[in-house]
Amino acid sequence: MIRLYNTLTRKKEELQTLEPGVVKLYVCGPTVYNDAHVGHAMSALVFDIIRRYLEYRGLDVRHVMNYTDVDDKIINRANEMGIDPFALSKKYIDDFDQNLEDLNILPATAKPQVSKTMPQIIEFIQGLIQKEAAYAAPNGDVYFSVSEDEDYGKLSGRKLDDMQAGARIEVEETKSHPMDFALWKAAKPGEPAWDSPWGKGRPGWHIECSAMNLAELGEQIDIHGGGNDLIFPHHENEIAQTESFTGKQFARYWMHNGMLQLGGEKMSKSLGNIVSIKEFLSKRDADVMRMLVLNGNYRSPLMFNEETLDGAEKGLERIKSALKLAPAAAPGAAPEALSALEKQTAATREAFVAAMDDDFNAAGALGGIFELVRAINAARDAGATGEQLQPAQDAIRELAGVFGLRLAEKKGSGDADKFIDLLLEVRAEVRAQKLWALSDLIRDRLKALGVTVEDSKQGSTWHW
RNA sequence: GGCGACGUGGCCAAGUGGCUAAGGCAAGGGUCUGCAAAACCCUGAUCAUGGGUUCAAAUCCCAUCGUCGCCUCCA
């Protein structure tokens, strides 16, 4: 039984899907006007891990992630750069797709864009007007009427009366309630615009997700996800729109990831404390970012700094250490040692599922994996053969695979490999003659170049 | 000011009523090694603070302090 924390009810609930064996998952994607940063990566990783786990548990996941490609920021930036807004958004959509691939994130099964969903958006707005949940203002704007919505505020736990007190002073005259939000914005000169019953214009931010959800997944979905900074107003408004339109419950479960913290505050474009995904990947392996996410709780803030990244990277190395082969001459481990390894393998598998079933507790599941790592390394030290280690190592690969970890060996510039091999061959001769000073010099100089040499009775190995 | 989440060893963090409070990183000691590295073994927290409920609380309730997010665009 899979349980997950539902923002709507503030409780963990059992996952019961609308259709047996199928999970309809919608995750809010980025507004594409700039390089995506590691905060976006966190969100994408969280839901990738969730998706992979649901699939591991035998569920068919229909995963939709949208691109917001019509927006003030895109238009402004394109104008600044003197280029077409669609050329700009296209570039950043391609970039983001590449970022996701580099991070080993499975592509969504559908990736709708606002600019390609315009008829459905207009139809949606018309429907809301017909139901008197929305109204067109004289200037060509269309607003959603929050006071017509009985349970507005249920996701974020806000009440309209409370919010009015803090509402901005400069309320637009055309709104009948200060909290009403735009479904359609009348075109201003120089902006991309589409024809509509209310004149030329473009959609507001929230309506696109409601319309794309409806178009891709239908009136009701299982899980709606996104960063917790979207709870209000974005997700609140999505609920208001869709439920007013369909008269049915929209998403059954709302899942929100915590914010990535850089220097004690949320990483965001507006604060300017950004590390782009591209920049991150030029310095560290994609697995490191994933480890960082796995070691935390997806709902909590995630500390992103050199110390936590180093910890994640070392932890990753530790998991990889379990995959090292047994020496060819291994004599075989004693029966007690082998049964301990078998026991731990089974225990780790069991702990993994138990932890992940409980609101995707990856950190707990990871703990079990590390215990198996220790058991494997201990068995190898105790003389286990490759064949004896195999089942446990397969379990590591399998479970790490569910997490989306690649566990690939670090790669240097491939051309150097055969020269390093050659150097170590020569060094082996030097060592045979017990010329330790020279042997150590080679090892130290290689270390300075990023190559780590490890000596053992069976010979020397190296890695980047 | 309002709403929400949270505060576990130096750092990251699991655990939400009851066996010895997981695990990773860092640190120290040891085994192995010519020396290192890797691996393995060993060492440390009574759970922000103060009350309360209970036979029993890190785990429930109240208060205080602190951190973060949202209330404007944001993953």
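Each chain gets a letter, A, B and so on, in the order its sequence line appears, and its residues count up from 1.
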Tell me, please, which residues at least two apart from [X] pass ring-ring contact (aromatic ring centres under 6.0 Å, His included).
X: Trp254(A); value: His224(A), His235(A), Phe250(A)
X: Phe352(A); value: Phe403(A)
X: Tyr152(A); value: none

### Query
Does the side chain of Glu317(A) come under 3.5 Å of the side chain of Ser321(A) through a donor N or O and an acceptor N or O?
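No, because no side-chain N or O of Glu317(A) sits under 3.5 Å from a partner of the opposite role on Ser321(A).
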### Task
Examine the side chains of Asp94(A) and Gln98(A) and answer whether a donor and an acceptor come within less than 3.5 Å of each other.
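Distance-only check fails for Asp94(A) and Gln98(A).
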Short N-O contact, [X] and [Y], less than 4.0 angstrom:
X: Lys447(A); Y: Asp444(A); result: no
X: Asp285(A); Y: Arg406(A); result: no
X: Arg443(A); Y: Glu454(A); result: no

Atom [atom1], compared across [N] and [M]: separation rounded to whole Å:
N: U54(B); M: C61(B); atom1: C1'; value: 12 Å
N: C62(B); M: A22(B); atom1: C1'; value: 31 Å
N: C55(B); M: A75(B); atom1: C1'; value: 48 Å
N: A48(B); M: C68(B); atom1: C1'; value: 15 Å
N: U20(B); M: U43(B); atom1: C1'; value: 16 Å
N: A63(B); M: A56(B); atom1: C1'; value: 24 Å
N: A5(B); M: G10(B); atom1: C1'; value: 25 Å
N: G17(B); M: G52(B); atom1: C1'; value: 16 Å

Whole Å only: how far is the [atom1] atom of [X] from the [atom2] atom of [N]?
X: Arg374(A); N: A22(B); atom1: CZ; atom2: P; value: 12 Å
X: Glu236(A); N: C70(B); atom1: CD; atom2: P; value: 16 Å
X: Asp35(A); N: A75(B); atom1: CG; atom2: C1'; value: 15 Å
X: Met255(A); N: A5(B); atom1: CE; atom2: P; value: 16 Å
X: Lys266(A); N: C71(B); atom1: NZ; atom2: P; value: 7 Å
X: Lys447(A); N: C35(B); atom1: NZ; atom2: C1'; value: 15 Å
X: Asn228(A); N: C71(B); atom1: CG; atom2: P; value: 11 Å
X: Leu155(A); N: C70(B); atom1: CG; atom2: P; value: 15 Å

So what does [X] hit on the nucleic acid, given a heavy-atom distance under 4.0 Å: a base, only sugar-phosphate, or nothing?
X: His37(A); result: base
X: Val453(A); result: base
X: Gly264(A); result: sugar-phosphate
X: Gln261(A); result: sugar-phosphate
X: Gly227(A); result: sugar-phosphate
X: Glu313(A); result: nothing
X: Met291(A); result: nothing
X: Arg318(A); result: sugar-phosphate
X: Gly368(A); result: nothing
X: Asp440(A); result: base
X: Asn377(A); result: sugar-phosphate
X: Gly39(A); result: base
X: Ile231(A); result: nothing

Complementary nucleotide for [N] - Watson-Crick or wobble, under 3.5 Å:
N: A22(B); value: none
N: C68(B); value: G4(B)
N: C35(B); value: none
N: C60(B); value: G52(B)
N: A27(B); value: U43(B)

### Query
If each of Ala375(A) and Asp310(A) is mapped to the nucleotide of RNA chain B with the nearest heavy atom, which maps nearer the 5' terminus, i.e. the 5' end?
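Of the two residues, Asp310(A) wins.
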### Task
Nearest-nucleotide wise, let me know which of Ser439(A) and Glu371(A) is further upstream toward the 5' end of RNA chain B.
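Nearest-nucleotide comparison on RNA chain B picks Glu371(A).
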### Query
Do Arg158(A) and G4(B) share a donor-acceptor pair, side chain to base, under 3.5 Å?
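No pair found.
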### Query
With centres under 5.5 Å and planes under 30°, do Trp436(A) and G34(B) count as stacked?
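Stacking is present between G34(B) and Trp436(A), given that their ring centres fall under 5.5 Å apart and the planes under 30°.
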### Message
Please verify the inter-ring angle class for Phe304(A) with Phe280(A); under 30° counts as parallel, over 60° as perpendicular, anything in between as tilted.
### Response
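Tilted: the ring planes of Phe304(A) and Phe280(A) meet at 30° to 60°.
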### Task
If a pair satisfies side-chain hydrogen bond (donor to acceptor under 3.5 Å, both in side chains) and one of its residues is in residues 340-351 of chain A, list it, with sequence neighbours excluded.
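Found Gln344(A)-Thr348(A), Arg349(A)-Glu398(A).
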### Message
Can you identify which nucleotide, out of G69(B), C40(B), A75(B), has its nearest atom closest to the Glu265(A) side chain?
### Response
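Taking heavy atoms from C-beta onward, the closest nucleotide is G69(B).
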### Query
Does Lys324(A) have a side-chain nitrogen or oxygen under 4.0 Å from the phosphate oxygens OP1 or OP2 of A39(B)?
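No.
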### Task
Ignoring backbone atoms, establish whether Lys314(A) has a side-chain N or O less than 4.0 Å from OP1 or OP2 of A26(B).
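Answer yes for this pair, as a side-chain N or O of Lys314(A) is under 4.0 Å from OP1 or OP2.
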### Query
Taking protein heavy atoms under 4.0 Å as touching, what does nucleotides 7-19 of chain B look like 5' to 3' if B marks base contact, S marks sugar-phosphate-only contact and - marks none?
----SBSSS----
### Message
Once side chain to side chain contact (heavy atoms under 4.5 Å, CB included) is applied, do any residues pair with Leu446(A), and if so which ones, sequence neighbours excluded?
### Response
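By the side chain to side chain contact (heavy atoms under 4.5 Å, CB included) rule, Leu446(A) matches Leu423(A), Leu424(A), Ile442(A), Val451(A), Val453(A).
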